[in-house]
Structures are given as structure tokens and as C-alpha cells.
Amino acid sequence: MALARKFAFLLCFMMLLSVLGPVNAEDDIDERERTINFHQWYEDDYDLEANQTVTLSVQVEENSTGWKRPIDVYFMNETEFEKYELNQSFNVSYNIISQNTTGFNKTFRIDTEEKYHYVVDNWDNNRSNDAIPNGSIDNGEVDVKVWVRIQDAPDNGGGGGGGGGGGGGTTNPETGENDDAEIDPMYFLIGLVVMIIIVAIIGAKRGGGEAEIDDTKQDEQLSGVRIG
């Protein structure tokens, strides 16, 4: 019985680890659905390390007329992002740029450890070839799905994938307001519930086993009593 209980607790612990696995995984995945207002942009900032691999993806949703409104995608460091906010000429990092697009997907490796900004633009910025927002349909709003995946370098030994998603929000260049929208996974709560259920089942079985032992002992005592 003791061996069975140890095995059950070990199984419970392994199941808990499997549920909590995504929280401590080497990949940091961030997926969001956002509405970017007319003459605004969506921005996320990430503290990235050298040799990390980043995948960026954007998909524009159809508007009320069934048309996908073109947007711009940029990836830049802190210095260039400050220029972007001021509507000045700016440069992108790792040649990550896509203008007048309705879909974007790119995987690349980080060379320099620093803070980077991932921008989805529904604003007529300083660049001459960027998408020009049109406010005549749906008030100029555009719905997008933004997906980010950060993978640690193989020799880093894990560590949570680079402190992602510090910014995260739709920013108005006139007011500087940023509407954060962090994703908070419920993996820990799910794992805790699973563990409580398994422990309760183990306790119930243990109680039933002790009852059977008591019944067996009682039968043995009765069989040993002489009559007459």
C-alpha cells in the first residue's frame, strides 16, 4: 500500500509538471487580437538577448466591406522608436519592415542584446511609401492578429524567453496613451485543481483500503472464537 501511494503521488507530481510546462518553457509566445484606431499604432517592446530567435506575424482581418486595410510593420530598437514616435526619419532593425501589407511573417536571430519595439502602424508616418489610412470605412479602424514567438539560444539553458511584452498597446501619437493588454495564462490554477482532485481520489482509495483491512481483521477475530 505504501508503494502504491508513493507511485500515485509521483504520478500526481508529473501531471502537475506537464500542466505547468508551458509557463517555464524555453519559448515565449504572445498572441493578441487588437483594433488599431485611425492614425494610431500598436506597439510591443521586448528585452531580447543575443542569439535568441524571434518570429513575428501579423494578419489583417476583413472590415465591414470584406476588404483588408493595408498596414505597416516595423521592428526597431529604442533609439529608432523614439524617432518614430516623433514622426522623424527612422531605421528598422534586422531589415524587418513591411509596408502596405495585409499579412506578414518573419523569423530572424537577434545579434545585439537590447530593447526592441514591434510596431503595427495604422498611421501616416514619416516614410514616403507607408500605408495611408482611410477614415471613410469603419472610422478608419483596422483589426489585426499579432503573434510573437521568442526562442532562447540552444546553449542558454532556458530562462523564459526574453522578458517579452513590456509595452503592448494601441498608442495615439498625439496623446502618447498606451492601452496595455497583457495575457495572463491560467496554467498554475489548472495544475492546482488537477493536483487537488488527484490527492482527493488517493485519499478516498486509502480510506477504503483501511476499511477493508479492518473488516478482514474482524472476520479473523470472529473465526477464532470457540462456540461451546
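Quick note: numbers below take in every heavy atom, side chains included, and nothing from hydrogens, waters or symmetry partners.
By the 6.0 Å contact criterion, NZ on Lys68 is enclosed, its count of non-hydrogen atoms from other residues, nucleotides or ligands being greater than 12.
Contact check for Ile97 versus Val73: no side-chain heavy atoms found under the 4.5 Å cut-off. Residues Ile71 and Val60 have side chains in contact (heavy-atom distance under 4.5 Å, counting atoms from C-beta outward). Side-chain contact between Val119 and Tyr42: absent, with no pair of heavy atoms (C-beta onward) separated by less than 4.5 Å. Contact annotation: the side chain of Asp44 never approaches that of Val146 to less than 4.5 Å [non-hydrogen atoms, C-beta and beyond]. No side-chain heavy atom of Glu85 sits under 4.5 Å from any side-chain heavy atom of Lys83.
Distance alone, capped at 3.5 Å, places no donor-acceptor pair between the Asn37 side chain and the Gln40 backbone. Proximity of a side-chain donor or acceptor of Asn126 to a complementary backbone N or O of Asn87 within less than 3.5 Å is detected. Gln52 places a side-chain N or O within 3.5 Å of a backbone atom of Glu49 that can act as its donor or acceptor partner. The backbone N or O of Asn125 lies less than 3.5 Å from a partner atom in the side chain of Asp130, making a donor-acceptor pair. Looking at Arg127, its side chain never comes within 3.5 Å of a backbone N or O of Gln99 through a donor-acceptor pair. Judged purely by atom type and a 3.5 angstrom limit, Arg69 has no side-chain atom pairing as donor or acceptor with the backbone of Asn122. In this structure, the side chain of Asp138 does not engage the main chain of Glu141 through any donor-acceptor pair within 3.5 Å. At distances below 3.5 Å, at least one donor-acceptor pair connects side-chain atoms of Asn100 with backbone N or O atoms of Asn129. In terms of modelled atom types and a separation under 3.5 Å, the side chain of Glu62 and the main chain of Trp67 share no donor-acceptor contact.
With rounding to the nearest 0.5 Å, the separation of NE2 in His39 from CH2 in Trp123 is 10.0 Å. Distance CG/Leu56 to OG/Ser98: 11.5 Å, rounded to 0.5 Å. In this structure, CG in Asn105 is found 6.5 Å from OG1 in Thr55, a value given to the nearest 0.5 Å. Atom CD of residue Gln88 and atom CD of residue Glu82 lie 10.0 Å apart, to the nearest 0.5 angstrom. Atoms CD and NZ, from Glu78 and Lys115 in turn, are 5.0 Å apart once rounded to the nearest 0.5 Å. Rounding to the nearest 0.5 Å places CG of Asp72 at 3.5 Å from OH of Tyr74.
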Report task. Start with the C-alpha gap between Asn134 and Ser136, add the side-chain angles, then the distance that decides, and say whether side-chain hydrogen bond (donor to acceptor under 3.5 Å, both in side chains) holds. Result -> CA-CA 6 Å; Asn134 185 342; Ser136 62; 2.7 Å; yes
**Report entry** Derivation and outcome, side-chain contact (heavy atoms from CB on, under 4.5 Å), residues Val120 and Ile36
**Finding:** CA-CA 9 Å; Val120 181; Ile36 308 176; 3.7 Å; yes
Requested in this report: Apply side-chain contact (heavy atoms from CB on, under 4.5 Å) to Arg32 and Lys145, showing your working.
Outcome: CA-CA 6 Å; Arg32 307 181 184 191; Lys145 289 183 178 180; over 6 Å; no
Query raised in the report: Checking side-chain contact (heavy atoms from CB on, under 4.5 Å) for the pair Glu31/Val148: CA distance, chi angles, key distance, verdict?
Result: CA-CA 6 Å; Glu31 183 176 4; Val148 181; over 6 Å; no
Requested in this report: Please report the C-alpha distance between Phe104 and Ile96 in whole Å, then the side-chain angles of each, then the deciding distance to 0.1 Å, and finally whether the side-chain contact (heavy atoms from CB on, under 4.5 Å) criterion is met.
Outcome: CA-CA 10 Å; Phe104 173 81; Ile96 304 302; 3.7 Å; yes
Query raised in the report: So Asp30 and Tyr46, side-chain hydrogen bond (donor to acceptor under 3.5 Å, both in side chains) or not? Walk me through it.
Result: CA-CA 11 Å; Asp30 188 10; Tyr46 294 87; 3.1 Å; yes
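No salt bridge links Arg109 with Asp111; every basic N to acidic carboxylate O contact stays at or beyond 4.0 Å.
For Tyr118 and Trp147, the ring centers sit 6.0 Å or farther from each other. For Trp41 and Tyr84, the ring centers sit closer than 6.0 Å to each other. Taking the six-membered ring for Trp and the full ring otherwise, Tyr116 and Phe75 have centroids separated by under 6.0 Å.
When every heavy atom of Pro70 is checked against every heavy atom of Ala131, the shortest pair comes out as O-CB, 3.7 Å. Minimum heavy-atom separation, Pro133 to Phe38: CB-CE1, 3.3 Å.
For the residue pair Asn63 / Thr65, a side-chain donor-acceptor distance below 3.5 Å is found, with atom types taken as modelled.
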